[in-house]
Novice: 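One structure is given below, represented as C-alpha cells, and several questions about it will come after.
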Amino acid sequence: MKHAQIVTGLLVTSLAIVGCSEQQQVGKQEVEVAQEQTMQTATETKPIEQKVDTSITKTQEEKATEVKSEESKISTEVFVYAKSVDINDSRELTQHIDVVVHMHEELTDGLATQHVLTQTYDFLQQEDIKGAKTVTIGVEQGDNRVSQFTVDVAKFKAGEHLIKSILDASTIDKMSDEVKEHGKIMELW
C-alpha cells in the first residue's frame with residue numbers, strides 16, 4: 001500500500017514539475033510508462049490485501065474450532081445402546097449437565113431406561129463431568145421421553161449394585177407406566 005502511495009506521489013510530483021516548467025517536454029511515452037507502473041503497483045497491492053484478509057479469516061476459524069473442542073469434553077461413549085446422545089453443559093452458570101439419551105425404538109421403554117441407568121454409573125465416574133453438582137439424564141424413545149432422573153453428584157457413591165447406586169443419589173423426575181412396571185417386575189426400582 002505504501003509502495004502505491006509513493007509511486008502515485010512521484011507521478012503527481014513529476015507531472016506538476018513538467019506542467020510548471022516550460023523548458024521540459026514530457027513525451028507521451030513517459031507518461032504511459034508512469035501510468036502502467038501505477039496500475040501495476042495497484043494490481044500487485046490487491047492480492048496482498050486479499051492474502052492478509054484470508055489469513056485473518058483462517059485464524060478466526062481456527063479459534064472457533066478451538067472453542068468448540070474445549071466445549072465438547074464430556075464423553076458419551078458409555079451409552080453404547082444409544083442411537084445418539086445430546087449434552088447441554090451448563091456447569092459455568094448452574095453447575096448442571098443435561099443429558100438426553102435417544103434410544104433405539106426396538107427396545108422397550110423399561111429396557112431402554114435400564115440400559116441408560118446402568119451406563120450412567122460409568123458416566124458419573126468420568127473426570128469430564130467434574131464441577132457439576134447435578135446431572136439430569138433423560139431417556140427418549142422416538143419423540144417420547146419415557147423417563148428422567150436427576151443425580152446429585154455429591155451423593156453418588158459407586159457401589160456393587162449399579163442401578164441402586166444411581167437411584168440412591170437421584171430424584172426420579174419422570175417415569176412412564178411401562179418403565180415403572182419393568183422396574184417392579186425386575187425388582188430394580
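Values below: every heavy atom of this structure, side chains too, minus hydrogens, waters and symmetry copies. Residue numbers count from 1 along this sequence.
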Novice: Looking at Glu127 and Lys130, is any side-chain nitrogen of the basic one under 4.0 Å from a carboxylate oxygen of the acidic one?
Specialist: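 Salt bridge between Lys130 and Glu127, a charged N being under 4.0 Å from a carboxylate O: yes.
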Novice: Should Met103 and Val80 be regarded as members of a common hydrophobic cluster, given that ILVMFWY residues are connected when their side-chain heavy atoms come within less than 4.5 Å of each other, either directly or indirectly?
Specialist: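 Looking at the clustering, Val80 is in the same group as Met103.
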Novice: Shortest non-hydrogen contact from Ser176 to Asp109?
Specialist: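 Closest pair (atom of Ser176, atom of Asp109, distance): OG-OD2, 4.1 Å.
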Novice: Among Thr134, Asn88, Asp89, Thr150, which residue satisfies the side-chain hydrogen bond (donor to acceptor under 3.5 Å, both in side chains) criterion with His96?
Specialist: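 That would be Thr134; it is the only one of Thr134, Asn88, Asp89, Thr150 passing the side-chain hydrogen bond (donor to acceptor under 3.5 Å, both in side chains) with His96.
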Novice: Test your reading of the model: is there a side-chain donor-acceptor pair from Gln141 to the backbone of Leu107, 3.5 Å cut-off?
Specialist: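 Yes.
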Novice: Identify the heavy atoms of Ile129 and Leu124 that sit nearest to each other, and give their distance.
Specialist: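 Minimum heavy-atom contact is CD1-O, 3.4 Å.
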Novice: Quick one: closest heavy-atom pair of Thr108 and Glu178, and the distance?
Specialist: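 In this case the closest contact between Thr108 and Glu178 is CB-OE2, 3.4 Å.
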Novice: Please answer: with hydrophobic residues joined when any side-chain heavy atoms are less than 4.5 Å apart, are Val153 and Val100 in the same cluster?
Specialist: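 As far as the 4.5 Å side-chain criterion goes, Val100 and Val153 are not connected within one cluster.
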Novice: Between Ser165 and Gly159, what is the shortest heavy-atom contact and its length?
Specialist: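 Looking at all heavy atoms of both residues, the closest pair is OG-N, 3.0 Å.
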Novice: Donor-acceptor pair, distance only, cut-off 3.5 Å: does the side chain of Lys184 make one with the backbone of Trp189?
Specialist: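 Side chain of Lys184 to backbone of Trp189: no pair is present.
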Novice: Is it true that, when you exclude Tyr81 itself, more than 12 heavy atoms of the residues, nucleotides or ligands shown sit nearer than 6.0 Å to its OH?
Specialist: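 12 or below, so no.
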Novice: Can you establish whether the number of heavy atoms outside Gln126 located under 6.0 Å from its atom CD is more than 12?
Specialist: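 Buried by this count: over 12 neighbours within 6.0 Å.
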Novice: Which heavy-atom pair separates Val101 from Ala82 by the least distance, and what is that distance?
Specialist: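 Closest pair (atom of Val101, atom of Ala82, distance): CG1-CB, 3.6 Å.
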Novice: Could you label the plane-to-plane angle of the Phe79 and Phe123 rings as parallel, tilted or perpendicular, counting under 30° as parallel and over 60° as perpendicular?
Specialist: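 Rings of Phe79 and Phe123: tilted, 30 to 60°.
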